[in-house]
Amino acid sequence: MILRVPDFYDSFQCIAGKCTDTCCIGWEIDIDEKSAQRYKAIKGDIGDILRQNIVDDHFKLLPGDRCPFLRRDGLCDMICHLGESSLCDICREHPRFVEVYGDIMEKGLGLCCEEAARLLFESKGTATSPIAFVERETDDIPDEIPEDAIEARDAIFNERENLFAILANHDRPLKERLVELLDYAVETSGFDIPEEESPAAEITDKEISNNIHQSWIDLLGKGDSFGPAWSAAYKLVRQSNWSKASTSLYTEDESEKIIAYLLYRYYGKSLFDGNNLTKVKFTLYFWIMLQRFGNILANATGATPSAKISAIKLLSKQTEYSEEIMDIFEQEFMENPAFSTHIFKRILKE
């Protein structure tokens with residue numbers, strides 16, 4: 001099997017107690033079956049404590065949704081006593097993600113992690129992509145998929161390469177390139193109706209200000225809140241003014257990397273559902289909301305380790321790590337005229 005990863009993937013190492021955030025608070029930690037069986041056999045006091053803190057195949061969280069093994073210094077008590085090999089699959093792999101497309105596996109690091117975001121921003125792209133990737137052979141067993149699915153996969157990967165190339169074309173302003181991304185996605189999907197036939201084409205500039213912008217803000221509030229930090233941030237977003245919240249935290253180079261990275265993570269999934277246009281819309285929606293409200297999101301979390309990293313990891317936690325919310329986005333981007341390609345273009349040109 002071929003493994004494809006961003007070129008900074010192997011540089012990742014959890015910074016543990018140095019992290020200003022922690023993935024050991026706020027997440028329900030499910031225990032895989034193999035780890036559960038191993039935990040039953042651990043002897044001594046640490047084994048007893050371990051089993052006392054497992055209920056219904058997950059760790060029993062303490063007040064504040066803290067993992068029972070998170071120490072005051074930010075280190076993991078299990079690792080300190082039993083070594084890193086003692087971790088269950090989720091704890092060992094997070095914030096890594098993986099997707100398998102037949103005999104091609106792609107891995108990356110989730111933007112909910114501040115170290116992952118730092119590595120992304122410090123990485124170097126190529127002439128044809130804001131992000132560089134590396135490939136290598138692995139001993140993993142490929143998934144069996146039909147020949148026509150392999151052909152579709154290769155076509156989708158080729159489309160993604162074209163999207164990267166559009167982003168990397170610095171002969172044009174960034175927003176023009178983002179409009180071109182949408183046009184390309186429409187052309188390859190066949191989903192979106194022509195602009196002149198779209199109900200959104202009749203929307204006036206005033207309606208954009210009064211209604212559409214509010215719909216875009218409202219979408220962030222759908223689904224359950226990740227936690228107090230998001231609830232506080234979203235309250236401030238709702239109280240803010242769209243037109244006045246436009247000072248971006250991100251340079252053009254950082255913006256290209258955010259967009260390319262989200263395309264890397266999600267565009268290939270259109271092999272499974274056929275919805276490549278919604279993947280591009282999610283990517284651009286994520287970036288637009290960071291552009292508009294990044295400062296607010298960062299301030300709600302104390303702006304550590306930096307405002308731009310604080311904002312991106314909070315938005316990532318709230319959106320990317322909720323299947324419910326990602327499904328809501330998918331439906332809204334497909335069906336709601338407020339999120340038509342026509343409206344996306346008009347907002348990009350603001």
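In summary, E84 and R92 do not engage in a salt bridge, as defined by a charged side-chain N under 4.0 Å from a carboxylate O. Of the charged side-chain nitrogens involved, none lies within less than 4.0 Å of a carboxylate oxygen, so that E350 and R346 do not count as a salt-bridged pair. Between E254 and K257 no salt bridge is recorded (no basic side-chain N to carboxylate O distance below 4.0 Å). In summary, R136 and D10 engage in a salt bridge, as defined by a charged side-chain N under 4.0 Å from a carboxylate O. Ion pairing of K222 with E332 is present here, as a side-chain N (NZ or NE/NH1/NH2) and a carboxylate O approach within less than 4.0 Å. Using a 4.0 Å cut-off between a side-chain N of Lys or Arg and a carboxylate O of Asp or Glu, K279 and D273 qualify as a salt bridge. With respect to R265 and E320, a salt bridge is recorded, a charged nitrogen being found less than 4.0 Å from a carboxylate O. Look at K43 and D48 and you find no salt bridge, because none of the NZ, NE, NH1 or NH2 atoms lies under 4.0 Å from a carboxylate O.
Of all heavy-atom pairs between Y39 and R51, the closest is O-NH1, 2.8 Å. Nearest heavy-atom pair across R71 and R66 is O-NH2, 3.7 Å. The minimum heavy-atom distance linking Y250 with I258 is given by the pair CD2-CD1, 3.9 Å. Closest approach of P6 to V134, counting heavy atoms only: O-CG2, 4.4 Å. Here the closest non-hydrogen pair linking G64 and I25 is O-CG2, 3.4 Å. Residues S316 and C112 share a closest heavy-atom pair of OG-N, 3.2 Å.
Under a 3.5 Å cut-off, the side chain of N53 and the backbone N or O of I49 do form a donor-acceptor pair. E256 contributes no side-chain N or O that, together with a main-chain N or O of G125, makes up a donor-acceptor pair within less than 3.5 Å. Judged purely by atom type and a 3.5 angstrom limit, S231 uses its side chain to pair as donor or acceptor with the backbone of G227. With hydrogens and angles disregarded, a donor-acceptor distance shorter than 3.5 Å links the side chain of R177 to the backbone of R172. At distances below 3.5 Å, not a single donor-acceptor pair connects side-chain atoms of S129 with backbone N or O atoms of A132. In this structure, K349 contributes its side chain and K175 its backbone to no donor-acceptor pair below 3.5 Å. Formation of a donor-acceptor pair under 3.5 Å by the R238 side chain with backbone atoms of K235 is not found in this model. Although no hydrogens or angles enter the test, the distance criterion places no donor-acceptor pair under 3.5 Å between the side chain of H342 and the main chain of S340. Under a 3.5 Å cut-off, the side chain of E115 and the backbone N or O of C14 do not form any donor-acceptor pair.
Note that CD of Q291 and CG of L284 are 11.0 Å apart. Values are rounded to the nearest 0.5 Å.
F97 and L271 fall within the same hydrophobic cluster, defined by Ile, Leu, Val, Met, Phe, Trp and Tyr side-chain heavy atoms under 4.5 Å apart, directly or through other members.
Between V179 and Y184, every side-chain heavy-atom pair lies at or beyond the 4.5 Å cut-off. Contact annotation: the side chain of L75 never approaches that of D77 to less than 4.5 Å [non-hydrogen atoms, C-beta and beyond].
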Worked verdict on D89 versus S35 for side-chain hydrogen bond (donor to acceptor under 3.5 Å, both in side chains): CA-CA 8 Å; D89 286 352; S35 296; 4.5 Å; no

Check against side-chain hydrogen bond (donor to acceptor under 3.5 Å, both in side chains), T20 and E114: CA-CA 8 Å; T20 64; E114 63 189 50; 2.6 Å; yes

Chi angles and distances behind the salt bridge (charged side-chain N to carboxylate O under 4.0 Å, His left out) call for D32, R38: CA-CA 10 Å; D32 58 283; R38 189 171 69 249; 5.7 Å; no

Evaluation steps, side-chain hydrogen bond (donor to acceptor under 3.5 Å, both in side chains), between D253 and T251: CA-CA 5 Å; D253 178 71; T251 65; 4.9 Å; no

Intermediate values then yes/no, side-chain hydrogen bond (donor to acceptor under 3.5 Å, both in side chains), Y267 and E159: CA-CA 9 Å; Y267 195 83; E159 290 169 10; 2.6 Å; yes

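The six-membered or imidazole ring of F333 lies near that of F329, with a centre-to-centre distance under 6.0 Å. Ring centers of Y264 and F133: under 6.0 Å apart, within the cut-off.
A perpendicular orientation is assigned to the rings of W242 and W216, their planes being inclined by more than 60° (bins at 30° and 60°). In this structure, F59 and F69 have perpendicular ring planes: the angle between them is above 60°, well past the 30° mark. Relative ring orientation between F272 and Y101 is described as parallel, the plane-to-plane angle staying below 30° on a 0-90° scale split at 30° and 60°.
Of the residues E330, K269, K281, the one that meets the side chain to side chain donor-acceptor pair (under 3.5 Å) test with N275 is E330.
Under the side chain to side chain donor-acceptor pair (under 3.5 Å) criterion, E106 pairs with R4, R160, not counting sequence neighbours.
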